[in-house]
Amino acid sequence: MSKKINWHYLRQVSQLATIVLVVYLTLNHLNLGIEKAAPIDAYCPFGGFESLLTYITTGEFLNRILLSAFTLLAIVLLFTIFFGRVFCGYFCPLGALQEMIRWFGRKIGIKKDVELPVVIDKYARYLKYIILVVIIVLSYKLGDLVFRNYDPYNALMHLGNEWEEKVYGYSILIILLVTSLFTKSFWCRYFCPLGAALGVAKKFSFFRLKRNEKTCIACNHCNDVCPAGLDVANSDVVKSADCISCLNCVSDCPKNSLTVSIFGKKIFKNKFTIIVVVLFVTTVIGASFSPLWQQKLGSNMKDAQGQIDVRSIRGSNTLEFIIKETGLPFTAFQKEFNLPADIDQVIMLKEIAHKYDLKNKAGEPLETEDFRQFIENNLKSKK
Ligand code: SF4
Ligand code: SF4
């Protein structure tokens, strides 16, 4: 007799595929530079949230945010309304990594989850909503992605690059990856601002998860496998905004006591998983070929008023591009930084020091910050 396929594993496949895709997009950006390949921020739905107030009031995106981030945000919200927080459960690389590390932790013998006391856990889960509001307001007020350098997701996707700039992001990333060995999704439960935003949307979702009290044998398997640390075994209906629709609990329930419904109609876990993965992937691919994905590259150095914003100059900008955008002649850069006359101007700023062994006035290897300061001083003196 042929064994029935457990389509629930499709969730792990989609999590792995997302990690691979994001690493590919990051490497592409790091190799080709910001002028030819969009930064990873352009593919982050949270970038859309951060830029929302700015876009509503000025019609402009924050620097690094492209239309694709808004389109992804709209898709993710739509799926949350229909299926619950499936983005978190199926397509978030950071969530996936935490789950994998916890799985590994169990394999090496850390069987019991380390949990905060129930009362503290209950209130600590609200922290992420406060973080979300602070980020949205500050990003709007300061006109910048204020969370970027503290964001462990952003750090993860820079694969060790921009260490100094993102030292907090990398530190948080290391802490949460280590804690994932012995506790479940620490970041998602307490701190993730995107999780908070989707948690609000989840309150309006058609997704329902119910427990049949009559058949339940209180074995607690559902609690054990829930990556969100929810008390499924003692809930008639799982109403928590933190449920990520992963269906681990449904899959592992020995008595089939847990059922999922959408619009009040029961749906089996295999069908749910297939629909979510296939529909999400085809929607994103479809959107990426539409005008809603339009990515205006090469304009990262200018603010909403078209003025040069030196803070936005990246190490992945080329010398050729900053000469074109700032209008400063090559000879000015050449004189300031002792650049060779025959330098290939398509070189990225971050590569110049290494390739030509050039130092700044302090005797340190030439950095992007040196270019920022030089450009800022020159633009000031031009005014
Ligand atoms: S309650 Fe079930 S579906 Fe929701 S996060 Fe926990 S295990 Fe996943
Ligand atoms: S896994 Fe199923 S039977 Fe066990 S406690 Fe949860 S709902 Fe009840």
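Counting convention: from 1, in listed order, for ligands and their atoms alike.
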Ligand-residue contact atoms, ligand 2 with [X], heavy atoms, under 4.0 Å:
| X | answer |
| --- | --- |
| R211 | 7 (S) |
| C253 | 1 (S), 2 (Fe), 3 (S), 7 (S) |
| A233 | 5 (S) |

Using 30° and 60° as the class boundaries, would you call the ring planes of Y190 and F186 parallel, tilted or perpendicular?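 Taking F186 first and then Y190, their aromatic rings stand perpendicular (interplane angle over 60°).
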Which of parallel (below 30°), tilted (30 to 60°) and perpendicular (above 60°) describes F280 and F79?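 The rings of F280 and F79 stand perpendicular, inter-plane angle above 60°.
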Which atoms of ligand 1 sit under 4.0 Å from any heavy atom of [X]?
| X | result |
| --- | --- |
| L247 | 3 (S), 8 (Fe) |
| C243 | 1 (S), 3 (S), 4 (Fe), 5 (S) |
| V232 | 1 (S) |

Does any N, O or S atom in C249 come within less than 2.8 Å of atom 2 (Fe) of ligand 1?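 An N, O or S atom of C249 is closer than 2.8 Å to atom 2 (Fe) of ligand 1, so yes.
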How would you list, by chain and number, every residue that makes a ring-ring contact (aromatic ring centres under 6.0 Å, His included) with F46, sequence neighbours excluded?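 Listed in chain order: nothing, the list is empty.
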Using a heavy-atom cut-off of under 4.0 Å, does the side chain or the backbone of N220 touch ligand 2, or both, or neither?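 The answer is the backbone of N220.
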Among R125, K202, R189, which residue satisfies the side-chain hydrogen bond (donor to acceptor under 3.5 Å, both in side chains) criterion with D242?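 Between D242 and the candidates, side-chain hydrogen bond (donor to acceptor under 3.5 Å, both in side chains) is satisfied uniquely by R125.
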Please state which protein non-hydrogen atom is closest to [atom] and give its distance, to 0.1 Å?
| atom | answer |
| --- | --- |
| atom 8 (Fe) of ligand 1 | C246 SG, 2.3 Å |
| atom 6 (Fe) of ligand 1 | C226 SG, 2.3 Å |
| atom 5 (S) of ligand 1 | I244 N, 3.3 Å |

Exceeds 12 heavy-atom contacts within 6.0 angstrom, atom CD of E115: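 Atom CD in E115 is crowded, with more than 12 foreign heavy atoms closer than 6.0 Å.
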